Number of protein chains: 2
Amino acid sequence: MTANLNPHISVDCVIFGFDENELKALLINRDPSEDPASSGKLKLPGDLIIRGEVLIHAAERILAELTGLHDIYLKQFGIFDDPGRLDSSDDLKWLQERSGLPVERVITVAYYSLIKIDKRIPTDLSIAYNAQWYPCSSIPAMIFDHNMIAESGLDTLRREMLTEPLCFELLPEKFALNQLQRLYEAILGCSLDNRNFRKKIQRLPYIVPLNERQNGVRHKPALLHVFDNEKYISIKKDNTVFII
Amino acid sequence: MTANLNPHISVDCVIFGFDENELKALLINRDPSEDPASSGKLKLPGDLIIRGEVLIHAAERILAELTGLHDIYLKQFGIFDDPGRLDSSDDLKWLQERSGLPVERVITVAYYSLIKIDKRIPTDLSIAYNAQWYPCSSIPAMIFDHNMIAESGLDTLRREMLTEPLCFELLPEKFALNQLQRLYEAILGCSLDNRNFRKKIQRLPYIVPLNERQNGVRHKPALLHVFDNEKYISIKKDNTVFII
DNA sequence: CCAAAAGTGTTTCGTATACACCCATGT
DNA sequence: ACATGGGTGTATACGAAACACTTTTGG
C-alpha cells in the first residue's frame with residue numbers, strides 16, 4: 001500500500017456505460033461528506049502503478065477494485081504529462097502519503113473502458129468508493145486535469161466507434177436493433193433513419209438474430225440479437241474497417 | 001547530459017519517409033565500427049526525457065538533433081512498458097551511464113514521425129548518428145523491443161492513413177497524383193486503379209492543381225498539386241473522416 | 001381500444017468498379 | 001523514333017438516402 005508504488009506513473013480510467021439512452025461516465029468522489037457536484041472532489045478512478053506492474057494490469061486492478069468486474073474492454077488512449085498537471089491541488093499531498101515517497105512529477109496513462117451497465121455494479125462497492133454515473137453531456141468539474149482526460153477519452157471513443165465494433169461492449173449480450181441504434185445516436189450525437197439503419201445492420205453477418213424476444217415490455221417486443229465476434233474477426237481480415 | 005534526465009521515461013521515434021516508391025524508416029547504429037545489419041546495434045532514435053520535459057518536446061528534440069528538422073509531423077501511438085523490456089542487453093548499461101542514475105525500469109512512449117524525404121537530412125548529421133534509411137518491408141533486428149515498436153508504428157500508420165490526410169506529410173509540397181497513388185500502394189500494400197484513383201482525388205476540393213509541371217523528366221511531365229490544409233479542416237468539420 | 005415502440009419496401013441518386021488507349025516529353 | 005510514365009471516358013453495379021404506415025404487445 002505504500003513503498004510498493006511507483007510514484008512516477010499513474011493510470012486513470014474513463015469508464016463508460018450506456019443507460020437510459022444516454023452515455024455516462026463513472027466518477028468517484030473522494031470526500032463523501034461533501035456535495036459531489038460542488039466539492040471539487042470528483043475524480044476519475046485511477047491510481048499510481050505498482051512497482052513492476054504493467055500498465056494494463058494497473059487499469060484492470062483499478063476497474064476490478066471499483067466495480068468488481070473482470071474481462072472488461074480497456075483501451076489506452078493517451079498520456080497526460082504536463083509537468084504542472086498536479087499542481088495547485090491538495091490531492092497532491094494525498095499521492096505523497098499514498099506512495100510514501102516524494103512525488104515530483106507523475107505522468108498518467110489514460111484508458112477508456114466500456115462496460116455493460118446491466119452487469120450492475122455491486123452497491124457496496126459503489127458506496128465504498130462513492131462512485132456515481134454522470135451523463136457525458138454534463139460532466140461536473142473534477143480535480144487535476146481529469147476533465148481534459150475525460151473529454152479526450154470521449155473524443156477517442158467517438159472516433160474509434162466508427163471503425164471498430166465497440167458498441168457491443170456497451171450493450172447487454174442480447175440486444176435489440178433499436179437499442180443499438182439509440183446507442184449510436186447517443187454517442188455520435190445525431191439521429192439515424194430507422195429503416196436504413198436496420199437494413200445496414202441486418203446485412204452484417206456477424207450480427208445474428210436469435211429466436212428470442214424481449215419480455216415484460218408493454219409494446220411489441222423486439223427480436224434480440226447477439227454480436228458474433230469470431231465471425232467478425234474472420235471477415236475483418238480482408239476489409240479492415242468496421243462500418244455501420 | 002547526466003543528472004538532468006528522468007530515468008523512468010523515454011521516448012522513441014519511428015521516423016518514416018517515402019523514397020523510390022518505398023516506405024522507409026530511419027534507424028541509427030550506435031556502433032559505427034560494426035556492420036549495421038549484423039551487429040545488433042541498430043535502434044530507433046530515442047532518449048530518456050529530461051526532468052520536467054513534456055513528452056512531445058522530447059520527441060521534437062530527438063528529431064531535431066538527428067535530422068536538423070523542425071515542424072515535423074509527430075504522433076504518439078503507444079507506450080511500451082513491459083518491465084523486462086530492457087533486460088538482457090548491454091545497452092542498459094549505456095542508459096545508466098547516460099542518466100548517471102540507477103535505471104530500474106524505463107517505460108517508453110513511442111511516436112511515429114512523417115518526413116518529406118526531399119528535405120534531405122544534412123549528411124553530417126546522418127554520419128554523426130550513423131543514421132540510415134531501411135525499407136519497412138525488411139527492417140533488420142534492433143535492440144530492446146524496438147522491432148516491436150517499429151511494427152506497431154507501421155500498423156498505426158496504415159490504419160490512420162485511412163482516416164487522416166497523413167500522406168501529404170510524406171510527399172514533397174508539390175506532388176504529382178501518381179506519386180500520391182504510389183505512396184498509397186506502398187503503405188497499404190495493394191495496387192489501385194489509376195483512373196479511378198485520379199477521379200476520386202480530383203473531386204476533393206482540398207487537393208488543388210497548380211499551373212506547374214514536373215521538369216527534367218524524360219516523359220510527359222505531370223501536373224503538380226498541393227494539399228490545402230485550411231480547406232481540409234473547414235470541410236472536415238461536418239463529415240469527420242478522410243477517405244481516399 | 002389505446003399507448004408505445006417494433007418492424008417493413010421502393011425509388012432515386014451518387015459513388016465504386018472495371019476496363020484500354022492516346023499524349024507529351026527527353027534522349 | 002522510341003521509351004517512359006502521364007493522362008483520359010463510359011457503362012454497370014451497388015450501396016446510401018429519403019420517405020410513412022402497419023403490427024404486436026401490455027395495460
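Bear in mind the structure is a predicted one, so any value in this text is a computation, not a measurement. Protein chains get the first letters and strands the later ones, always in sequence-line order, with residue 1 at the start of each.
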K.L.:
dA6(C) P sits how many Å from Gln202(A) CD, rounded?
P.N.:
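Roughly 13 Å, once rounded to whole Å.
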K.L.:
When all nucleic acid strands are considered with a 4.0 Å heavy-atom cut-off, which category describes Leu223(A): base, sugar-phosphate, or nothing?
P.N.:
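Here Leu223(A) touches the backbone only, sparing every base.
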K.L.:
Return the value, rounded to whole Å, for the distance between atom CD of Gln179(A) and atom P of dA5(C).
P.N.:
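Atom CD in Gln179(A) sits about 13 Å away from atom P in dA5(C).
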K.L.:
State whether the side chain of Lys116(B) and the backbone N or O of Phe168(B) hold a donor-acceptor pair below 3.5 Å, judged by distance alone.
P.N.:
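Answer holds: yes.
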K.L.:
Between Asn29(B) and Gln132(B), is any side-chain donor less than 3.5 angstrom from a side-chain acceptor?
P.N.:
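No pair is found: no donor N or O on one side chain lies under 3.5 Å from an acceptor on the other.
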K.L.:
Would you say CD of Glu160(A) has more than 12 non-hydrogen atoms from neighbouring residues, nucleotides or ligands within 6.0 angstrom?
P.N.:
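Counting other residues, nucleotides and ligands, CD of Glu160(A) exceeds 12 neighbours.
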K.L.:
To the nearest Å, give me how far apart CZ (Phe197(B)) and P (dT8(D)) are.
P.N.:
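Taking CZ of Phe197(B) and P of dT8(D), I get 14 Å after rounding.
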K.L.:
When every nucleotide of nucleotides 19-27 of chain C is labelled 5' to 3' by its protein contacts under 4.0 Å (heavy atoms), B for base, S for sugar-phosphate only, - for none, what sequence of letters results?
P.N.:
BB--BBBS-
K.L.:
Provide, to the nearest angstrom, the distance between the CD atom belonging to Gln181(A) and the C1' atom belonging to dG7(C).
P.N.:
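In whole Å, dG7(C) C1' and Gln181(A) CD are 12 Å from each other.
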K.L.:
Where the side chain of Thr156(B) meets the backbone of Ser152(B), is there a donor-acceptor pair that is under 3.5 Å apart?
P.N.:
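Pair found, side chain donor or acceptor close to backbone of Ser152(B).
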K.L.:
How close or far is atom P of dG7(D) from atom CD1 of Ile201(B), stated in whole angstroms?
P.N.:
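It works out to 13 Å between those atoms.
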K.L.:
Could you check how far CZ of Arg182(B) sits from C1' of dG5(D), rounded to whole Å?
P.N.:
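Rounded to whole Å, this separation is 8 Å.
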K.L.:
Just grab all the salt bridge (Lys or Arg N to Asp or Glu O under 4.0 Å) pairs involving residues 215-225 of chain B, residues at least two apart or on different chains.
P.N.:
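Residue pairs with at least one partner in residues 215-225 of chain B: there are none.
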K.L.:
Using atom CG of Leu180(B) as one end and atom C1' of dG6(D) as the other, report the distance to the nearest whole Å.
P.N.:
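Rounded to whole Å, this separation is 15 Å.
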K.L.:
Under 6.0 Å from the NZ atom of Lys174(A), do we count more than 12 heavy atoms belonging to anything else shown?
P.N.:
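Atom NZ in Lys174(A) is not packed in, count stays at 12 or less.
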K.L.:
Pick from Leu210(A), Val208(A), Ile201(A), Ile207(A): which one makes a side-chain contact (heavy atoms from CB on, under 4.5 Å) with His225(A)?
P.N.:
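Testing His225(A) for a side-chain contact (heavy atoms from CB on, under 4.5 Å) against Leu210(A), Val208(A), Ile201(A), Ile207(A) leaves exactly one candidate, Ile207(A).
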K.L.:
Identify the residue among Ile117(A), Leu171(A), Leu114(A) that makes a side-chain contact (heavy atoms from CB on, under 4.5 Å) with Phe18(A).
P.N.:
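Testing each of Ile117(A), Leu171(A), Leu114(A) against Phe18(A), the sole residue satisfying side-chain contact (heavy atoms from CB on, under 4.5 Å) is Leu171(A).
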K.L.:
For Glu151(B), does the CD atom have more than 12 heavy-atom neighbours from other residues, nucleotides or ligands under 6.0 Å away?
P.N.:
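No.
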K.L.:
Determine to 10° how strongly the helix from dC1(C)-dG27(D) to dT27(C)-dA1(D) is bent, judged from the axes of its five-pair ends.
P.N.:
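Helix axis angle between the two ends: 10°.
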K.L.:
Hey, does the side chain of Arg203(A) come within less than 4.0 Å of dA16(D)'s phosphate (OP1/OP2), counting only N and O?
P.N.:
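Looking at the OP1 and OP2 atoms of dA16(D), one of them is under 4.0 Å from a side-chain N or O of Arg203(A).
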K.L.:
What is the distance, to the nearest angstrom, from the CG atom on Leu224(A) to the P atom on dT25(D)?
P.N.:
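Distance check: Leu224(A) CG to dT25(D) P gives 14 Å.
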